[in-house]
Structure formats: structure tokens, C-alpha cells
There are 2 protein chains.
Amino acid sequence: MAKNTQANSGQDQSDLTPRQGEVLDAALELLVLVGDKLTMNEVAKTASCSKETLYNWFGDREGLLVAIVQWQAVKVALPDVDFGELDQHDFVQRLDTFGTNLMEVLTSATSVALNRVAISRAGTDGSNLGGIVLKNGRFAMGALLKPLLEAGKKEQLLTFATSEAAYRCFFGLLLQDIQIRMLLGDELSLSKGQVKKQAAEATRQFMKLHSI
Amino acid sequence: MAKNTQANSGQDQSDLTPRQGEVLDAALELLVLVGDKLTMNEVAKTASCSKETLYNWFGDREGLLVAIVQWQAVKVALPDVDFGELDQHDFVQRLDTFGTNLMEVLTSATSVALNRVAISRAGTDGSNLGGIVLKNGRFAMGALLKPLLEAGKKEQLLTFATSEAAYRCFFGLLLQDIQIRMLLGDELSLSKGQVKKQAAEATRQFMKLHSI
DNA sequence: TATACGCCGTACCGTACGTTACGGTACGAG
DNA sequence: CTCGTACCGTAACGTACGGTACGGCGTATA
């Protein structure tokens, strides 16, 4: 059992060697390409490492998948800024930017692939991959947006019952059925312009619903 | 190749014998239980039929999955009514009912399981399972709602650019992040009351955005 | 009664893949 | 120089599972 440094099991990704990062990069790229039928053989081959090393580092296939998800999560993490003076225009501007970023991430091939894998493993055994994706995606994004929403509320720019509910509303207005359609394989390649437009429209509608 | 009646390949489900329906019922139940790791052996055992029969009827595993999805689709199909006189109250009432039904379907264990399977197969090979789910779910629902929306527009109860866009907006307001969270395994058991409340709120917000 | 057919149960085959084992190489520590 | 450690490459093992083959049984038709 305790034969290695156990890179999985709740650890964060700070203690990864550069080489391990390289391997995870290759694995992620491969995962985006072939989806859930990613095999340990292919990972070892494309990453030019041995399978034994993979098992030493990540324990098993599930551990590798978890490591991939967490590795990707640190790459999209955004620094959260604090909001001093906040007027209506600032608020709308920030909300729009947030929406654009969120949508770009969630419609990226990487995010779609990771969500697909997590979903396909969510139904069955005790895999917490879905939970990890939720934590690093949905909930992390909420933690990022809620302070902005609360600041807007404090400045009397808008009103809502809870920032959680407001976040969910914005999320729905923004993504609508786009994410589920992409997950199901619907070819709908969004241009950057379309993403920006969608974010702007969602922001406009959100303000119409919640502004004072 | 052409050794059997080929129940798959674009055929609709009308020419299924009662026995075939029984087998598909059992398979669907099993699919909800074990997800994508559904095996032909288990299906044969729980349905008390031989594997040879399964392959004769459905071709291969993919064909069985397609048949399961289509079999479920006919069970949730709703008759569409036409809208004669339509006043504001009628319209809101119907929209609310539609939202409640849609949400009940999409949050059911059956729908979640079917979407999971379709998603997990969407990334890779030439599986059109995702497309079939979209066609029988998302698009069929759109075809059901759009006439109502158009009727409402004709009666000057609301306005929108296209009924497609309006449908997407309602979809987003209704489901928000609920579907993706359930797909990812988030335990969030919605009571009937919560579903109704969510549909009512979505309807209210939709009207606030689109009523004239 | 005889033949045909559809279906059940089960044994079987081939292969893919997760996992382990092992030989070989590079390198730093003592 | 030698030992331990970390890693690569590859071969091998075990098993699960999709797909096939075959015998037996009930029923329908003649």
C-alpha cells in the first residue's frame, strides 16, 4: 500500500515536480483528444514515461484522472480582486467580463472533455471525480463572483435574496443549454464574438431582473 | 450482416413486440442503476433473455443503448395541444406547467442516467447517441414549447426575436446549473414542491424579461 | 408425428486494458 | 567504486466483457 508519495488523496497540486507537470500536460492533451477511453499505455507512451512511474505517482487510473483535473484547475484559476468604489457602470463591466471568462472556460474543448469524463464516472462507483470538478469549477467560480455581487448589493446597485441564488440565475442566463449540448456532442463552435455577445446579453438580462 | 430484423438504424419504436418492450424496460432500469458499465451479460440475466436474442434484436451494444433511449423517449412524449383563445393568465399558466414537466423529466434519475451514458459516448467514436438524446429531449421539447411562444407573441402577450432564443432563455432560467450538477453526481434531491417553485420563478422572470 | 422457428441458457473465443514485474540506465551520496 | 534511488521501456498476467456458437425446449404449422 504505502509504497510511494501518494500524490492523490486530497493533496493539492503544489508539490508536483516539473516532470510530473509535463506528464500531466501530455495526459490532459490526450484526454481532450480521446476522452474517457484514455489508456495508461497511451499516457505512458505520449508522455515518454513508464507505466510503473505513473502508478508510483498517481496510484491508479482514477488517481491519474483526479490529478489531471486538479492540474487543469490551477491553470484556469483567476486571482480575485477586491472592489473598492463601485458604481453601476463598473459593476456591469465586471459582471460582463466575468461572464465572458466563465463561458470561454466552460465551452473550451478542455472543459468539455474533463466534464465528460467526470460525468461518465459519476454514475457508478465511489468516484469523487464529479465532486472535484464541481469544487474546482462551479463552486470556485461562485466563490469568485459572490463577492462582486455582495459588493453590488451593498452599493444598492441591485438586490437579491442570496448571492447563491443570484449566481445561479446568472449562470442560467449565460449558459442556457449550451453546456449540455456541447457535452452531448452537438457541434456548436462559438466564436469569441458570440461568447462576448452572449455574456453581454446575459448581463443585460440579469440587471433587468435584479437591478433596483 | 443482414441476419435479422435490425431493430436499430433509424427505425422508430413502433414495431417492437411486447416482449422486446419488457426487455428494454429491464435494460433501462439496469442502466439507471449501474450507468455506463451496463453489460450485455447483466441485461440478458435481469431481462431473462439470452444474449443471442439481444444481438439478434439490437445488433450490438450501441444498438441496444439507442433502443433504450428511444424506448424511454416514447414514454415521456407529451401530446401537444393547440392554443385557441389565449390570454395572459392562460399563457403564464401553460408556461409554468410546461416548465414543471420539463424540469421533472430532466431531473429524474432516468434522464440523468441516459444523459450520462450519451455524454460519456459523445467524446469518442462515431456514436450518435448524444444526437439522439438531443433530438428526443432538447429539440423535441423545443418543438413542443415554440408553438405556445409563437401564439403568445401573436396575441401580443410577449415579444422576442426568435422562438428558439426565447426557448433557450426559458431553459436557462429554469434549469440554471441544476442539470450539470446532477450529471456530475451532486446529490440534490428536489422535491416536487421545489420543482414547482423553480418553474414558477423561472416563468415569472421570463415574463419580466419578455412581456410587452 | 414431423419439421421449422424463436428463444433461453450457457459455454466459449478473442481482445483490450488495468496492473504488476523486471531488466537496464542515469545520477547523486557516501 | 559502490550503493540506493528514480526512472524508462517492455513484457507478462489476470480479468472483464463484447460477441458467437450450440444444445434444448416450447409452439405453430402441416
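Per chain, numbering begins at 1; letters A, B, ... match sequence-line order.
Checking side-chain atoms of Lys153(A) against main-chain N and O of Phe160(A) turns up a donor-acceptor pair under 3.5 Å. Under a 3.5 Å cut-off, the side chain of Ser111(A) and the backbone N or O of Thr107(A) do not form any donor-acceptor pair.
Separation of atoms CG (Leu174(A)) and CZ (Phe206(A)) is listed at 11.5 Å; rounding is to 0.5 Å.
Each of Leu134(A), Val69(A), Thr110(A), Leu183(A) was checked for a side-chain contact (heavy atoms from CB on, under 4.5 Å) with Asn115(A), and the lone residue meeting it is Leu183(A).
Computed from coordinates, the Asn56(A) CG to dA21(C) P distance equals 11 Å when rounded to whole Å. Going from atom CG of Leu54(A) over to atom C1' of dG18(C) covers 12 Å, rounded to whole Å. Between the CD atom of Glu42(B) and the P atom of dT10(C) there is a distance of 16 Å, rounded to whole Å.
Partners of Glu22(B) under the salt bridge (Lys or Arg N to Asp or Glu O under 4.0 Å) rule, at least two apart in sequence or in another chain, are Arg19(B). With sequence neighbours excluded, the residues satisfying side-chain hydrogen bond (donor to acceptor under 3.5 Å, both in side chains) with Arg168(A) are Glu164(A), Gln176(B).
If you find the closest nucleotide of DNA chain C to Ser48(B) and to Asp36(A), the one lying nearer the 5' end belongs to Ser48(B).
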Interface polar pairs with nucleotides 12-18 of chain D, N/O, under 3.5 angstrom:
residue	atom	partner	partner atom	Å
dG18(D)	OP1	Arg61(B)	NE	3.1
dG18(D)	OP2	Met40(B)	N	3.0

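Residue side chain Glu52(A) does not reach the base of dC7(D) through any donor-acceptor N/O pair under 3.5 Å, judged by distance alone.
One finds a side-chain N or O of Trp57(A) lying less than 4.0 angstrom from the OP1 or OP2 phosphate oxygen of dC7(D). Remark: Thr53(B) is not in phosphate contact with dC7(C), judged by side-chain N or O atoms under 4.0 Å from OP1 or OP2.
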